[in-house]
Chemist: 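The structure that follows is given in the form of structure tokens.
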2 protein chains.
Amino acid sequence: MSRPLNRPLTLRDVSEASGVSEMTVSRVLRNRGDVSAATREKVLKAAKALGYVPNRIAGSLASQRVNLVAVIIPSMSNMVFPEVMTGINSVLEDTPLQPVVGITDYLPEKEEKVLYEMLSWRPSGIIIAGLEHSDASRAMLRASGIPVVEIMDTDGTPVDAMVGISHRRAGREMADAIIKAGYRRIGFMGTKMALDHRARKRFEGFTQALAKAGIEMADQEFYSGGSALSKGRELTSAMMARTPDLDFLYYSNDLIGAGGLLWLLEQGYDIPGQIGLAGFNGVELLQGLPRRLATMDACRAEIGRRAAEIIVARTSEPAQDIETLVTLAPTIDRGDTLRMP
Amino acid sequence: MSRPLNRPLTLRDVSEASGVSEMTVSRVLRNRGDVSAATREKVLKAAKALGYVPNRIAGSLASQRVNLVAVIIPSMSNMVFPEVMTGINSVLEDTPLQPVVGITDYLPEKEEKVLYEMLSWRPSGIIIAGLEHSDASRAMLRASGIPVVEIMDTDGTPVDAMVGISHRRAGREMADAIIKAGYRRIGFMGTKMALDHRARKRFEGFTQALAKAGIEMADQEFYSGGSALSKGRELTSAMMARTPDLDFLYYSNDLIGAGGLLWLLEQGYDIPGQIGLAGFNGVELLQGLPRRLATMDACRAEIGRRAAEIIVARTSEPAQDIETLVTLAPTIDRGDTLRMP
DNA sequence: CTGAAAGCGCTAACAT
DNA sequence: ATGTTAGCGCTTTCAG
């Protein structure tokens with residue numbers, strides 16, 4: 001008990017306590033190379049008794065290896081990214097790699113800053129949301145020399161690898177399904193999406209498909225901030241007052257869709273006969289609403305998994321071959337709010 | 001362009017490119033010490049041109065300082081921890097400190113493992129959820145010699161600092177409010193809480209307060225897994241079938257409470273006259289339901305902020321004095337489902 | 001199977 | 001205002 005308090009323990013302490021060289025202690029602690037069972041025991045005992053925790057900073061510098069995967073996402077508070085994280089974790093759990101998360105709040109400047117900070121830790125790989133980045137960010141990604149996987153979206157050109165869905169196509173397909181079901185007076189509600197490129201692409205795909213069928217969007221409204229559920233309520237009530245003859249409402253996410261659904265049910269609308277609804281994301285949370293909202297799964301967990309698998313394959317020794325341009329195909333779930341054709 | 005591809009740049013590269021010593025380059029890049037405006041410019045220009053990103057691994061080792069705060073929480077997928085993170089972030093944003101998150105899934109063994117990994121990075125501070133830890137974890141925390149803030153709960157003895165609410169008291173106060181409002185046949189629904197100590201303490205406080213008033217819990221049920229909204233629906237419908245004369249339902253969280261609320265409304269129950277409801281957490285998401293569920297704010301963002309402030313104060317030079325045993329006082333929000341006395 | 005020497009990329013502490 | 005020297009705690013490499 002003579003160690004000066006607050007000096008963290010080093011390999012050397014364990015070496016002295018066990019009477020084994022630092023090098024061999026290091027070998028034991030990393031299960032590397034051959035060490036006799038006897039010395040092994042001695043070392044492990046000493047390390048445990050002292051409460052030694054290796055210093056990864058030093059280890060990483062010496063070995064030029066950091067088992068970190070930088071995960072850069074816009075937000076953690078909506079339902080989508082926690083599930084992506086779950087997918088990533090499920091794959092990395094069985095490897096020495098560890099995810100480290102950075103949040104950008106959908107701001108390019110913040111993304112740039114976060115990326116810089118992350119790169120300064122020299123991670124083994126980067127998983128980053130979206131294909132749209134500042135020039136500086138893209139340059140950093142390219143120059144990093146490590147595997148980069150851009151996730152969520154496949155409508156664009158990745159720096160390196162890419163896993164996601166086509167949001168443009170997702171919008172198109174939902175539009176097609178809505179039209180096939182016979183709806184004609186269609187309204188749209190969604191976030192102000194200057195910086196949410198995926199929401200924007202869904203919207204573009206949606207309107208395109210409508211146009212192709214000779215249909216013009218009958219009404220649309222964008223919001224920002226606030227609780228999504230009540231926003232959905234407010235927007236829907238305002239829109240139905242303004243354009244009472246709408247027979248379908250497409251929402252840019254399930255939560256505002258759910259708010260709209262609750263309001264319409266209260267008002268006594270016949271769903272999906274008189275009016276149909278659809279959202280986007282396939283949020284599990286919403287199971288338990290009076291009706292299941294039509295939606296489209298964004299393949300969140302799968303995207304996380306596939307992205308992590310690419311990093312794992314690329315960082316394994318020797319590097320495994322693996323598909324690096326992955327476009328997943330989401331399917332429509334009609335729920336109870338989008339009638340069959 | 002003669003640098004061998006994939007060798008990360010070092011200070012030395014910038015030094016050579018700018019004709020300034022490594023030390024001065026380092027000073028410029030860290031805004032430390034006096035450097036003439038002229039050399040400053042030269043260095044910055046060279047660094048930018050090369051795309052140099054400092055190596056923090058080396059920097060941390062040399063300076064014996066790592067501006068990381070380990071945040072160890074059970075989960076990221078419910079509503080509570082993302083908001084705690086928001087609070088933490090809001091404070092750390094203005095400091096050099098950076099949060100790094102570890103997830104325990106409510107498993108003590110996993111907490112131990114995550115804690116060990118985190119400590120191996122020698123963070124400047126630790127924020128960890130709960131007061132219940134394995135002996136090994138507690139030993140690591142104590143031995144780490146860095147500021148430790150245990151958050152969420154104050155019913156127990158912390159290793160070091162502590163910020164939270166008393167969940168036992170939260171349960172008691174809700175029980176008192178329910179009794180004062182005249183409800184007598186009370187049912188409880190919540191998660192199986194062997195490992196969720198805070199839910200358990202709320203439950204204990206609740207039953208205690210009922211007992212004190214001579215009331216016995218009329219029915220209770222525990223669930224695990226599944227979507228909370230539909231669980232709330234199922235449990236409520238089952239419980240009302242089994243014990244039809246219940247006049248109040250206390251839920252261990254707002255989400256299952258919301259499920260119950262939706263079901264009861266559909267069945268035509270008179271709320272809060274015939275039957276009252278309350279949840280816990282003060283989840284903003286739920287604004288927009290047909291009725292506002294009575295709840296109690298868990299002070300999530302505030303907890304995060306105060307915890308981060310403690311770490312900041314303790315790691316600043318010289319260490320600031322700050323309150324390290326913080327018990328927040330949550331208040332009841334009666335919403336539309338708990339009538340006045 | 002074990003150990004000794006060298007150095008990872010940076011910064012603290014002194015020079016000058 | 002700038003440079004020099006000596007490590008930080010570990011792992012790589014090479015010798016026994």
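Quick caveat, the model's predicted, so the values are computed rather than measured. Values reported hereafter were calculated over all heavy atoms of this structure, with side chains retained and with hydrogens, waters and symmetry mates removed. Each chain gets a letter, A, B and so on, in the order its sequence line appears, and its residues count up from 1.
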Chemist: Should B:S36 be listed as having a side-chain N or O under 4.0 Å from OP1 or OP2 of D:dT2?
Modeler: yes
Chemist: Whole angstrom is fine here: how far is it from CG in B:L61 over to P in D:dG9?
Modeler: 7 Å
Chemist: Return no unless some side-chain N or O of A:Q64 is found under 4.0 Å from OP1 or OP2 of C:dG9.
Modeler: yes
Chemist: Whether A:T24 contacts C:dG3 is assessed here as follows: a side-chain N or O lying under 4.0 Å from the phosphate OP1 or OP2. Is that the case?
Modeler: yes
Chemist: State which residues pass salt bridge (charged side-chain N to carboxylate O under 4.0 Å, His left out) with A:D196; sequence neighbours excluded, sorted by chain then number.
Modeler: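 For A:D196, no residue satisfies salt bridge (charged side-chain N to carboxylate O under 4.0 Å, His left out) once neighbours in sequence are set aside.
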Chemist: Would you say B:Y52 places a side-chain N or O within less than 4.0 Å of OP1 or OP2 belonging to C:dC10?
Modeler: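 It does, given that an N or O in the side chain of B:Y52 lies less than 4.0 Å from OP1 or OP2 of C:dC10.
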Chemist: Should B:K110 and A:E93 count as an ion pair when the cut-off is N to O under 4.0 Å?
Modeler: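 Answer for the salt bridge query: yes.
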Chemist: Would you tabulate the nitrogen or oxygen pairs shorter than 3.5 Å linking the protein to nucleotides 11-14 of chain D?
Modeler:
residue : atom : partner : partner atom : Å
D:dT11  : OP1  : A:R30   : NE           : 3.3
D:dT11  : OP2  : A:S26   : OG           : 2.4
D:dT12  : OP1  : A:R65   : NH2          : 2.7
D:dT12  : OP2  : A:R30   : NH1          : 3.2

Chemist: Indicate yes or no: does B:R12 engage B:E16 in a salt bridge with an N to O separation below 4.0 Å.
Modeler: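 A salt bridge links B:R12 with B:E16.
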Chemist: Please determine if a side-chain N or O atom of B:T39 lies less than 4.0 Å away from the OP1 or OP2 oxygen of D:dT2.
Modeler: yes
Chemist: Between the opening five pairs and the closing five pairs of the helix from C:dC1-D:dG16 to C:dT16-D:dA1, how far apart are the helix axes, to 10°?
Modeler: 30°
Chemist: Heavy-atom count check: over 12 atoms from other residues, nucleotides or ligands less than 6.0 Å from A:R30 CZ?
Modeler: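 Count over threshold, so yes.
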Chemist: Is A:E302 salt-bridged to A:R306, going by a charged N under 4.0 Å from an acidic O?
Modeler: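 Looking at A:R306 together with A:E302, the answer is yes, because their closest N to O distance falls below 4.0 Å.
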Chemist: Let me know the distance between CZ of A:R40 and P of C:dT2, rounded to the nearest Å.
Modeler: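 The distance from CZ of A:R40 to P of C:dT2 comes to 11 Å, rounded to the nearest Å.
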Chemist: For B:E112, what residues pass the salt bridge (charged side-chain N to carboxylate O under 4.0 Å, His left out) criterion, not counting sequence neighbours?
Modeler: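 Checked B:E112 against salt bridge (charged side-chain N to carboxylate O under 4.0 Å, His left out); zero matches.
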Chemist: Output the rounded distance in Å from CG (B:L29) to P (C:dT11).
Modeler: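 Rounding to the nearest Å, CG of B:L29 and P of C:dT11 are 8 Å apart.
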Chemist: Please give, in whole Å, the distance from D:dC8 P to A:D13 CG?
Modeler: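 The distance from CG of A:D13 to P of D:dC8 comes to 12 Å, rounded to the nearest Å.
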Chemist: Just how far, in rounded Å, is P of C:dT2 from CD of A:E41?
Modeler: 13 Å
Chemist: Specify the separation, in whole Å, of atom NZ of B:K42 and atom P of D:dA1.
Modeler: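 So the NZ-P distance, B:K42 to D:dA1, works out to 15 Å.
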Chemist: Which pairs of donor and acceptor atoms, one on a side chain in residues 318-326 of chain A, lie under 3.5 Å apart (sequence neighbours left out)?
Modeler:
none

Chemist: Please collect all side-chain hydrogen bond (donor to acceptor under 3.5 Å, both in side chains) contacts where either partner lies in residues 73-83 of chain B, sequence neighbours excluded, each pair once.
Modeler: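 Qualifying pairs: B:S75-B:S77, B:E83-B:R300.
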Chemist: Taking atom C1' of D:dC10 as reference, at what distance in whole Å does atom CG of A:N55 sit?
Modeler: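 About 8 Å, once rounded to whole Å.
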Chemist: Would you mind reading off the distance between B:R56 atom CZ and C:dT11 atom C1', rounded to a whole angstrom?
Modeler: 14 Å
Chemist: Salt-bridged, A:R40 to A:D34, with N to O below 4.0 Å?
Modeler: no
Chemist: Just checking A:D34: base, sugar-phosphate only, or nothing, at a heavy-atom cut-off of under 4.0 Å?
Modeler: base
